Amino acid sequence: MKKLIYCIFGLTMLGSTSLGCSSQKFSEEYVIYEIINEKIYYVENGSHEIKGADPETFEVLVNMYSKDKNYVYYMDNIIEDADIKTFEYMAYGYGKDKNNVYSGRQKVLGADIESFVPMSTFFAKDKNNVYSSGTKLEDLEVKTFEVLDGIYGKDDNNVYFIDEKLINADAKTFEIVNGLYSKDKNSVYYLKYKLPGSNPHTFKAYSETLDKDGFYYEAEDDNNYYYQEKVLKKK
């Protein structure tokens, strides 16, 4: 016998929020788990058996976290040593129990449970440290750290693209141009790549790629036309 367990959830670039789960069929689009012959499968991006899961006590916490009387699971994997009674989902792929904070199924080593706050898909912090995807970042001031548009973060001294420090980026003047481009007083960046010869004072980026003079570009300044991290043409 086959039974579907679906979750209705909303996804954004910054994370996901569970709105509800059910053991009745609703729509194949929302099916995350299914029970076939008393075995439970995680079925997003293929069908993977959650070996040893107990169908009688199985509970979906959020689309990628679940638990039963024996274990807590991330997707189709057991989270080793997770405390079943106190485990809860936080946000942006993080969970916690009375002993640890988890990024996916991995423990966030050294994390302070009480003060830990997920900030975006790529950043979190506690009273002592800043983390990217569960890994502690070095040389950051926790008190002044802020997330910029999900993929960038900065404190008073440094700028990070996910877990990589942007060398020589000026934190005080660093700002987002749009979701892909950023700049400081000295340079323009496409994601983590510095655009050679760019002028941050005249730089403009567009929400849609423009067609001009037979080629496509999506940003410009008074020196060049740009497409992603490439200089397409000098003016």
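What you see is a predicted model, and the numbers here were worked out from it, not measured in a lab. Numbering starts at 1 and runs along the sequence shown.
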Minimum side-chain heavy-atom gap [X]-[Y] below 4.5 Å:
| X | Y | value |
| --- | --- | --- |
| Phe161 | Ile151 | yes |
| Leu148 | Glu146 | yes |
| Phe122 | Ser133 | yes |
| Glu38 | Glu56 | yes |
| Asp126 | Val117 | no |

Can you give me every donor-acceptor pair (side chain of residues 187-194, partner residue at least two apart or in another chain, under 3.5 Å) with its distance?
{"residue": "Lys192", "atom": "NZ", "partner": "Glu164", "partner atom": "OE2", "Å": "2.9"}

* Heavy-atom pair of closest approach, residues Asp184 and Thr173 ->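 Closest heavy-atom pair between Asp184 and Thr173: CB-OG1, 3.4 Å.
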
* Please report the closest heavy-atom contact between Tyr92 and Pro118, naming both atoms and the distance. =>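 In this case the closest contact between Tyr92 and Pro118 is CD1-CB, 3.8 Å.
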
Any donor and acceptor pair, going by atom type alone, linking the side chain of [X] with main-chain N or O of [Y] inside 3.5 Å?
| X | Y | answer |
| --- | --- | --- |
| Asp221 | Phe203 | no |
| Ser103 | Tyr94 | no |
| Lys67 | Ile84 | yes |
| Ser115 | Lys127 | yes |
| Tyr181 | Glu218 | no |

Kindly say whether the aromatic ring centers of [X] and [Y] come within a distance under 6.0 Å.
| X | Y | result |
| --- | --- | --- |
| Tyr33 | Phe58 | yes |
| Tyr65 | Tyr102 | no |
| Phe174 | Tyr152 | yes |

* Asked: Picking from Asn223, Asn224, Val231, what satisfies side-chain contact (heavy atoms from CB on, under 4.5 Å) with Pro196?
  ->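 Result for side-chain contact (heavy atoms from CB on, under 4.5 Å) with Pro196: Val231.
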
* Near Tyr71 OH, under 6.0 Å, is it more than 12 heavy atoms from other residues, nucleotides or ligands? ->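 Open.
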
* Do other residues, nucleotides or ligands put more than 12 heavy atoms under 6.0 Å from Lys136 NZ? ->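 Atom NZ in Lys136 is not packed in, count stays at 12 or less.
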
Under the rule for side-chain contact (heavy atoms from CB on, under 4.5 Å), what residues qualify as partners of [X], not counting sequence neighbours?
| X | answer |
| --- | --- |
| Asp81 | Lys107 |
| Asp76 | Tyr42, His48, Ile50 |
| Asn45 | none |

* Tyr131: partners by ring pair (Phe, Tyr, Trp, His ring centres under 6.0 Å), with sequence neighbours left out ->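 Counting only residues at least two positions away or on another chain, Tyr131 forms a ring pair (Phe, Tyr, Trp, His ring centres under 6.0 Å) with Phe116.
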
* Excluding sequence neighbours, so at least two apart, what forms ring pair (Phe, Tyr, Trp, His ring centres under 6.0 Å) with Tyr41? ->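 Partners of Tyr41 under the ring pair (Phe, Tyr, Trp, His ring centres under 6.0 Å) test: none.
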
* Asked: Where do Asp222 and Asn199 land on the side chain to side chain donor-acceptor pair (under 3.5 Å) test, with the steps shown first?
  -> CA-CA 7 Å; Asp222 59 351; Asn199 184 344; 3.3 Å; yes

* Asked: Do Phe123 and Val142 share a hydrophobic cluster, counting only Ile, Leu, Val, Met, Phe, Trp and Tyr and linking them when any side-chain heavy atoms are less than 4.5 Å apart?
  ->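 Same cluster: Phe123 reaches Val142 through Ile, Leu, Val, Met, Phe, Trp or Tyr contacts under 4.5 Å.
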
* Asked: So, Asp139 and Lys165, do they make that salt bridge, N to O below 4.0 Å?
  ->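 Looking at Asp139 and Lys165, the cut-off is met.
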
